[in-house]
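For reference, the structure is listed below as structure tokens.
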Amino acid sequence: MKDYLTIATVEGVRIYALVTTNLVQQVTKLHHCSHVASAALGRAMTGALLLAATMKDKERVNLRFVGDGPIGEIIADAEGSKVRGYVEHPDIFLPPKNGKLDVGGAVGSGNLVVTRYLLNAEPFTGYCELKNGEIADDLTYYLYKSEQTPASVALGVLVNPEGEVVVAGGFFIQAMPGARDEVLAKLEDNVLHIPYVTQLLKMGYTPEKIIGTLGEGLQVDIKESIEVGFECRCSRQKIADALGALDKSALQEMSEDEITEAHCDFCNTTYQFTKDEIRAILNRK
Ligand code: ZN
């Protein structure tokens, strides 16, 4: 199955569901993630795509899970249908908790910081304390607490004993103003009675079928589906621009080295600049 996201309305409620197995496999391999780091990063990137789906094209959302646990910071960044992310300590190992990967233990307690980069407006940053470090609950809690949006977020990444990502995906239920109480109650009941999202995906459920299951007994109206994937927006030019923003003394110092290396944490790419290139940047200042 390709990675894609489906948007539907269910009697005044918007439901987004997506499968992200391929992109989570790709990114967690790129960062050499352990089992628990794969689950944490996969959930965070899937969540970022869900929030980005509620925004306009070219708008961007950045999630930072800043906890005191051994994984360090988790960063996920989505713009439209593209996402990227990384974790500070991708190689951590934690024993499973109740037979499941202990993402909450890896993240610990701290804050979730959400920045939305909007078109025609200043970026908006909100934050709240982490609910339990399990990512989905933290996002649900953030949306309620900081953005006054009642929503329900579910995220799942299944990792096999060899450390490979088997399935990944999630859904997001967002009540629109005027949604009827009985519809919300029915959805809430459906959410409680369906299997985990990883189980659904393992059974081969598509995003449409997940939405159909969530909206059982209600009028489900599928709107559209969008392909999603990993993409890093970094480039040599962007790094050069960032170097150009440094002060002269820092560039002067760099220009004494044969090679200056700049690393993009999102895609693990290292860009090299020769001393002549650094001098050229310096001269342009
Ligand atoms: Zn990059």
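The figures here come from the full heavy-atom set of this structure, side chains too, leaving out hydrogens, waters and symmetry mates. Whatever order the structure lists them in is the order used to number ligands and atoms, beginning at 1.
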Discussion item. Whether K145 engages the ring of Y141 as a cation-pi pair (distance to the six-membered ring centre under 6.0 angstrom, angle to the ring normal within 45°) should be assessed.
Written reply: no

| Student check: side-chain heavy atoms of L282 and K248 closer than 4.5 Å | yes

Open item on the list: Could you tell me if K100 sits above the aromatic ring of Y196, with its cationic atom closer than 6.0 Å to the ring centre and no more than 45 degrees from the axis?
Closed with: yes

Exactly one of E122, E79, E147 clears salt bridge (charged side-chain N to carboxylate O under 4.0 Å, His left out) with R116, and that residue is E147

Excluding waters, which are neither shown nor counted, protein N/O/S atoms under 2.8 Å from the Zn ion (ligand 1) come to 4

- Task: Please check if any side-chain donor atom of Q237 sits under 3.5 Å from a side-chain acceptor atom of D241, or the reverse.
- Result: yes

With sequence neighbours left out, the residues meeting side chain to side chain contact (heavy atoms under 4.5 Å, CB included) with D189 are H193

